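Data block below; observations after.
All values below were derived from every heavy atom in this structure, side-chain atoms included, with hydrogens, water molecules and symmetry-related copies excluded. Labels below follow one simple rule: chain letters A, B, ... track the order of the sequence lines, proteins then strands, and each chain is numbered from 1. Everything numeric here is computed off the predicted structure, so don't read it as measured data.
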Amino acid sequence: MNLASYKNLHSWKITNEEAKELQTQLAGELKFTVLGKLPRLIAGADSAFIRIAGEEHIITVIVVLSFPELEMVEKKFLTNKVTFPYIPALLSFREGPSFIKTWKRLNYEPEIVFFDGQGIAHPRLLGLAAHLGLWIDRPTIGVAKSRLFGVTEHTPIKKGEWYPLFHPEDRRVIGATVCTKDGAAPLFISQGNYITLEDSIRLVLSCTNKQRLPEPTRLAHLLTERVKKDKKTVGTQDPEE
DNA sequence: GCGACAG
DNA sequence: ATCTTGTCGC
Ligand SMILES: [Mg+2]
């Protein structure tokens, strides 16, 4: 059984201040390279939270889809104890540990991963997708449902339409607001590691059907809710095929 | 000090 | 993110 590879870059057991310093340091390692060739496998990751015997747990799901068919070829989920609270701009320290544990169990090696959160559209340019992109050492894209950081000057209304998201200080482009469904609230897309913003937007739109969320992230989220539901009713059982 | 604030 | 019935639209 082949397992997905990754780099153990640092400990996750650190203080808020250490986490912030680490983000600034790690952001300098990011590479924004043009995608060589189109991927054959794209993964999507998301997490849900649940209380078990009074303790907060995190359920992480990673789905692997074929591209451009977008058919699910693998799904993996794991439940772990929560080790970090939710603090805006420190999300990767809450969801990162569980993602890596789940990633370790993957049989396929997705060439690109979509995350439910920001890429570099972050105060220190290291959102969830950017941070984990360094760990798994491959292209990652931040697919956020709302804004954390950055300013926009327009709101896209028609599917496929998009506008840049600017850094409030230096005005550099750190992402984009992208309309993935007519009339629906736009998504905030930003590059993670080893990818450009343009390629990120192109891929997200290529993975989007009739719903607002692209399939990788949408399916991961749906599975996350199903695993949680089964966990609460059946106890500790896994969802059926 | 005040408001903003991914999931 | 989570809690949580009904309701509107495709
Ligand atoms: Mg999420």
Could you check whether the rings of A:F149 and A:H167 sit parallel, tilted or perpendicular, using 30° and 60° as the cut-offs?
perpendicular
Will you find, in the side chains of A:T152 and A:T177, an N or O donor that is under 3.5 Å from an N or O acceptor?
no
Under a plain distance cut-off of 3.5 Å, with no hydrogens placed, do A:R218 and A:T208 share a side-chain donor-acceptor pair?
no
Would you tabulate the nitrogen or oxygen pairs shorter than 3.5 Å linking the protein to nucleotides 1-7 of chain B?
from  : atom 1 : to     : atom 2 : distance (Å)
B:dC5 : OP1    : A:R147 : NH2    : 3.0
B:dA6 : OP2    : A:Y86  : OH     : 2.8
B:dA6 : O4'    : A:Q118 : NE2    : 3.3
B:dA6 : N7     : A:A89  : N      : 3.1
B:dA6 : N6     : A:A89  : O      : 3.3
B:dA6 : N6     : A:L90  : N      : 3.3
B:dA6 : N6     : A:L91  : N      : 3.0
B:dA6 : N1     : A:L128 : N      : 3.1
B:dA6 : N3     : A:Q118 : N      : 3.0
B:dG7 : OP1    : A:K145 : N      : 2.8
B:dG7 : OP1    : A:K145 : NZ     : 3.2
B:dG7 : OP2    : A:S146 : OG     : 3.1
B:dG7 : O3'    : A:D116 : OD2    : 2.9

When you measure from every atom of DNA chain B, which of residues 211-221 of chain A have a heavy atom less than 4.0 Å away?
none
Could you tell me the separation between the CZ atom of A:F93 and the P atom of C:dA1, rounded to a whole number of Å?
21 Å
So if I define the base as every atom that isn't primed, P, OP1 or OP2, how would nucleotides 5-10 of chain C read as a B/S/- string at a heavy-atom cutoff under 4.0 Å?
------
Can you tell whether the side chains of A:E69 and A:R40 come within less than 4.0 Å, N to carboxylate O?
yes
Lys/Arg-Asp/Glu bridge criterion (N-O < 4.0 Å) met for A:E153, A:R171
yes
Residue among A:V61, A:I59, A:I62 satisfying side-chain contact (heavy atoms from CB on, under 4.5 Å) with A:L223:
A:V61
Per-residue pairing states of DNA chain C in dot-bracket (Watson-Crick or G-U under 3.5 Å; . unpaired, | other strand) read ..........
Transitive ILVMFWY cluster of A:I58, excluding itself - 4.5 Å side-chain cut-off:
A:F49, A:V82
State the CD-CG distance between A:E95 and A:D46, to the nearest 0.5 angstrom.
7.0 Å
What nucleic acid atoms does A:K228 come within less than 4.0 Å of, heavy atoms only: base, sugar-phosphate, or nothing?
sugar-phosphate
Tabulate below the donor-acceptor pairs under 3.5 Å that side-chain atoms of residues 157-164 of chain A make, not counting sequence neighbours, or state none.
from   : atom 1 : to     : atom 2 : distance (Å)
A:K158 : NZ     : A:D182 : OD2    : 3.2
A:K159 : NZ     : A:N209 : O      : 2.7
A:E161 : OE1    : A:I157 : N      : 2.8
A:E161 : OE1    : A:K158 : N      : 2.9
A:E161 : OE2    : A:Y163 : OH     : 2.6

Is the ring pair A:W135/A:H10 parallel, tilted or perpendicular, if the boundaries are 30 and 60 degrees?
perpendicular
A:S98 and A:N80: side chain donor to acceptor below 3.5 Å:
yes
Round to the nearest Å and state the distance from A:F84 atom CZ to C:dA1 atom C1'.
16 Å
Are A:F115 and A:L219 connected into the same hydrophobic cluster when the rule is that any two of I, L, V, M, F, W, Y join if their side-chain heavy atoms are below 4.5 Å apart?
no
Can you tell me how far CD1 of A:I195 sits from CG of A:L35, rounded to the nearest 0.5 angstrom?
5.0 Å
